[in-house]
Amino acid sequence: MTAFLDIDLDAIIANWRLLAQINRTGETASVVKADAYGLGAARVAPALAAAGCKTFFAAHLAEAVALRPLLPGVRILTLNGLTPHAAADFVAHDIIPVLSSLHDIALWRAEAHGLGRALPAVLHLETGLHRLALDAREVASLTEDPALLAGLKVETVMSHLINAEVPEDPRNQRQLAAFLAFAARFEGARRSIANSPGSFLGPAFQLELTRPGAALYGLNTSPLQPRKLHPALRLVAPILQIHDIEAGESVGYAGLWTARRPSRIATIGVGYGDGLLRSLTNHGVAYFDDTPVPLVGRVSMDLATFDVTDVPAMPGSLLVLLNDRHGADELGQEAGSIGYEILTSLGRRYQRRYSGG
Ligand SMILES: *Cc1c(COP(=O)(O)O)cnc(C)c1O
């Protein structure tokens with residue numbers, strides 16, 4: 001027996017369409033890194049391409065190469081930049097690296113020189129995250145010495161917001177202003193700064209290209225959303241066994257939960273090895289029909305236990321871990337984490353069932 005992960009491609013398409021519709025100034029890309037946040041890039045990305053998405057962001061070259069045959073005729077970029085010796089593979093597979101250092105630029109420039117033709121370039125400019133990007137001094141050197149970009153056509157410049165989830169955070173405006181000042185040095189380049197929550201900050205942030213990921217998959221990242229996004233996931237697990245225990249008996253490793261009354265404990269075959277984070281120990285919730293049932297005791301690798309004393313559950317009954325009412329956002333909160341981590345932790349052992357697309 002296993003658990004079932006139902007992935008609704010139509011919901012993902014509807015979320016992309018909503019983002020494209022509110023995007024008043026430019027194109028709406030799709031971020032499909034980390035296997036489309038765990039939902040399966042090989043199914044998700046072609047469905048989005050068929051719906052009209054023309055630009056896709058992966059993180060790594062290997063992710064992009066796997067997608068290339070599935071996505072003819074669209075742009076595929078990688079966010080994590082160039083690795084040494086990889087430039088030729090980017091060209092061979094028609095993948096554009098986001099360049100985030102002078103070293104990246106030098107490698108890409110050398111590749112263009114070797115090919116004897118111009119290559120498209122996308123530059124990531126630093127505005128506050130201090131992760132992967134060209135800082136102010138590097139941007140200045142690019143404008144002072146145009147030879148550094150010889151053979152490269154800067155088609156897009158981008159940056160990344162540090163806290164777009166909080167629209168009133170003044171750092172959003174400060175990052176935008178810094179970005180626009182940098183971007184002005186690259187005439188004709190498209191500008192992109194908005195992730196999912198940034199996409200809801202309005203046209204000033206939407207610019208020529210937005211880069212939502214989380215919102216496509218139904219995570220609710222912004223208080224400015226017109227409505228909740230379509231939940232794209234349902235995760236259900238059949239109960240393997242039910243045990244009747246006495247008050248005072250404990251459940252699970254280290255006995256971290258003790259029954260205060262005679263209790264019925266249901267075990268499902270989903271554990272932290274499947275992405276049911278161990279921090280859900282004594283905090284997670286599943287649903288039996290419309291009733292929440294608490295996760296009790298420590299989450300193990302392949303199993304987890306729930307108190308079903310108050311519901312008429314039987315072995316074989318389904319417990320719902322993720323659905324439209326209790327989504328990855330909620331489970332993430334119960335785990336002391338975020339929906340992003342719930343999604344990208346989704347295990348390989350589920351029976352995946354795709355619908356729509
Ligand atoms: C992951 C990522 C995104 C997408 O972010 P979401 O919050 O999932 O929309 C966009 N841009 C960059 C640079 C990223 O790393």
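Both counts, for ligands and for their atoms, begin at 1 and track the order of listing.
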Donor-acceptor contact below 3.5 Å, side chain Glu249 vs main chain Thr258: no

Ile342 CD1 to Leu331 CG distance, which is reported to the nearest 0.5 Å: 4.0 Å

Asn80 and Thr78: side chain donor to acceptor below 3.5 Å: no

Neighbour list for ligand 1 [protein residues, heavy atom under 4.0 Å]: Val31, Lys33, Tyr37, Leu79, Arg131, Met158, His160, Asn195, Ser196, Arg211, Pro212, Gly213, Ala214, Tyr340

Pairs meeting criterion ring-ring contact (aromatic ring centres under 6.0 Å, His included) with involvement of residues 259-314, two or more places apart: Tyr287-His326

Partner residues of Arg211 under the side chain to side chain donor-acceptor pair (under 3.5 Å) criterion, sequence neighbours left out: His160, Ser192

Sequence neighbours excluded, every pair satisfying side chain to side chain donor-acceptor pair (under 3.5 Å) that has a member inside residues 236-248: Gln241-His243

